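For reference, the structure is listed below as structure tokens.
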2 protein chains.
Amino acid sequence: MFTIKDIAKEAGVSTATVSRVLNNKKVRKDSQENVEAAIKKLDYRPNVIAQGLIGKTSRAIGVMITSMTNSYYMEITETIEKRVIEQGAMMFLCSTKGDHLLEKEYLYNLMARRVDGIIIIDPSSENHDNGVFKNVAQKIPMVFVHSYSGYHGFNIVSVDQYLGMRKVMDYLWSEGHRDIAFLRGANGFSYDIKEKCWRDFLKEKGAVPLEENLVVIADGNSEAAIPLVRDACSNLLKKDRRPSAIFACNDLMASAVISAAGMNGVKVPDELTVIGHDNTVQSQYSYPPLSTVDLKLKSLGNTAMDLLAHAMNPEDPEPRKVLLEPDLIIRASSSSNK
Amino acid sequence: MFTIKDIAKEAGVSTATVSRVLNNKKVRKDSQENVEAAIKKLDYRPNVIAQGLIGKTSRAIGVMITSMTNSYYMEITETIEKRVIEQGAMMFLCSTKGDHLLEKEYLYNLMARRVDGIIIIDPSSENHDNGVFKNVAQKIPMVFVHSYSGYHGFNIVSVDQYLGMRKVMDYLWSEGHRDIAFLRGANGFSYDIKEKCWRDFLKEKGAVPLEENLVVIADGNSEAAIPLVRDACSNLLKKDRRPSAIFACNDLMASAVISAAGMNGVKVPDELTVIGHDNTVQSQYSYPPLSTVDLKLKSLGNTAMDLLAHAMNPEDPEPRKVLLEPDLIIRASSSSNK
DNA sequence: TTGTATGCGTTATCAG
DNA sequence: CTGATAACGCATACAA
């Protein structure tokens, strides 16, 4: 591949002049033309690695997610990517599979590559508690896309999931649902927040007794959870006191609930209302289309990029928090129970 | 951030010695220890960009896909990523949205970053025909993951989709299906290959008249196609001569077919057999679980990495083709029509 | 306006 | 075994 030297020789100027043309600085017209001709002739493209070494910027950012086959992450990531390429930059994508050691490994690798910024979607609590994030954020602009906004000293964009869950409960209650099951994965802030809201609400309404068996613990938010959810739901639907509505903490699990209903001959939404969460594309196109909480995934991605731009500004590096408000979207998987 | 010079000073040796320790070359024991202590103390990590500039390798590869919200691509990509991190490398992910100009842009950007290799899943025909791929492949090891193995001079891993389609038709025919609809997207080699097989088969069996109206043209393989597929299928299912089986060119569309059936009160699989293609995770977890053609996505990803490793070997740069054999997986969305 | 010289952080070469 | 030094490709301060 050609270098700036080749162009300089071809154009009969110095490398400095070539560099100037490349960076739109003032040069004499004929030099400009000669250089541009040489560039075109040799199909020359500047070595971004060398440019990065100079120090200003590597024009690359890192995005860390948990899984690539979960559209929740990929929808946010796709929005981020759109913004990244607008800037002529590139994106390293890293999926941690929920392993905080791998997450740490990736983080240090990104640091070693001098990326301009890092966006972490669903950061692990371990690397927060042990100070890894703090350490990295000191050196590289960093943004969390998180279900929890309680961390301090970090740029965070999150969604007010308690509010979103409240909207779900208000809706279900007003539609006459009283036995409302809650389906969550094993670990995660966002599950905890929603469960708290669910409990708070039922207590507030004096819905006694609070049936503990309506809490189904399945594992994680990857496809592997689906069979677990199906089994758990099948059991639930066979009980004497069957819930009239099931809320699932993400659309993936909600789809599995619909499947379980179908397998047990329970009609959705006539005999069972199902509400999902996240408003991923699959919720829109599932059958019946899922009522769900819109997490504003595009907005999450765009805000993350805005925050990153802010974090890269040395003038005002004060961390910011942005809290988005989710909406409840009613589709065909839910109905009244009056 | 600290550099090799800081470590050298801290350890009381030269930068050369530090570099030797970093690269596991022979140094005196106490030097070794001093350097390692300094590295640990300052939490030093080598600048990968500087390493990349030296020329050997940037320890980064580029993966180009069409869409991030299609699990077909992401399952292959996830397999690739696993292999990439095993080598301590990183992955640039680029989604072209089917735009060949963007694809070209990405390609040159990756080149400018001196990536060690590029894997293109579903390369555009435009950039093949205009020589862009040839141009890039000359300078950087490149591998296609493709539905078409007819390109020459490239490393290609593909699946024998004609064979896979043949397996579908053999199965359907042997189960008594005679009116078999074929659902495809607008553009793409893989659609063409499958359609050819479908036509060949019906002609071979003398299935006259070949009902052209059983060919439904929907657009693309992104979620946006789903409503189009639903509409097209709904129309199809209302006709006098309703097909007893519908084959869809990917699982996404097949899911939409199931939805359309549900919306029209047609039972799957009792009244309609639905067969998908690709064996993405969603086919496994949809309801009813989809009969589908297993494209061996993991194997595609792994083979792509194997080919890339081969392509990076300067001894034998001869391009290779690998053709994988797909399997038909029977699940609950299909039944006999006898 | 232009060219020369230097540095970015690392590895490789060579002499010691 | 070690250290000084030259390269990698580019950008920039400085001198012309």
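It should be emphasised that the depicted structure is a prediction, and the values quoted were computed from it without experimental measurement. Every chain is numbered from 1, with letters handed out A, B, ... down the list of sequences. When reading the values below, keep in mind they use all heavy atoms of this one structure, side chains included, and skip hydrogens, waters and symmetry mates.
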(request) Using a strict 4.0 Å threshold on nitrogen-to-oxygen distance, state whether B:D99 and B:K97 make a salt bridge. (result) no

Taking [atom1] from [X] and [atom2] from [N], how many angstroms apart are they, rounded to a whole number?
| X | N | atom1 | atom2 | value |
| --- | --- | --- | --- | --- |
| A:D30 | C:dT2 | CG | P | 7 Å |
| B:K29 | D:dT2 | NZ | C1' | 19 Å |
| B:R59 | C:dT11 | CZ | C1' | 13 Å |
| B:N24 | D:dC1 | CG | C1' | 16 Å |

(request) Just report the end-to-end axis angle for the helix from C:dT1-D:dA16 to C:dG16-D:dC1, five pairs per end, to 10 degrees. (result) 50°

(request) Assess B:K41 against B:F2: is NZ or CZ under 6.0 Å from the centre of the six-membered ring, and within 45 degrees of the ring's axis? (result) no

(message) Is it the case that the ring center of B:F133 lies less than 6.0 angstrom away from the ring center of B:F144?
(response) yes

(request) Please tell me if the side chains of A:H146 and A:P123 come closer than 4.5 Å, counting only heavy atoms from C-beta onward. (result) yes

(request) Answer yes if the side chains of B:N302 and B:T79 hold a donor-acceptor pair under 3.5 Å, and no otherwise. (result) no

(request) For B:S95 and A:E81, test the side chains for any donor-to-acceptor distance below 3.5 angstrom and give the result as yes or no. (result) yes

(request) Can you see which heavy atom on A:R59 is nearest to which on A:G88, and at what distance? (result) NH1-O, 3.8 Å

(message) Protein within reach of the bases, or only the backbone? For nucleotides 8-16 of chain D, mark each nucleotide 5' to 3' as B, S or -, using heavy atoms under 4.0 Å.
(response) BBBBBB---

(message) Counting only side-chain heavy atoms from C-beta out, which of C:dG3, D:dG3, D:dC1 sits nearest to A:V13?
(response) C:dG3

(message) If the test is side-chain contact (heavy atoms from CB on, under 4.5 Å), which one of B:K321, B:H310, B:M142 qualifies with B:N155?
(response) B:H310

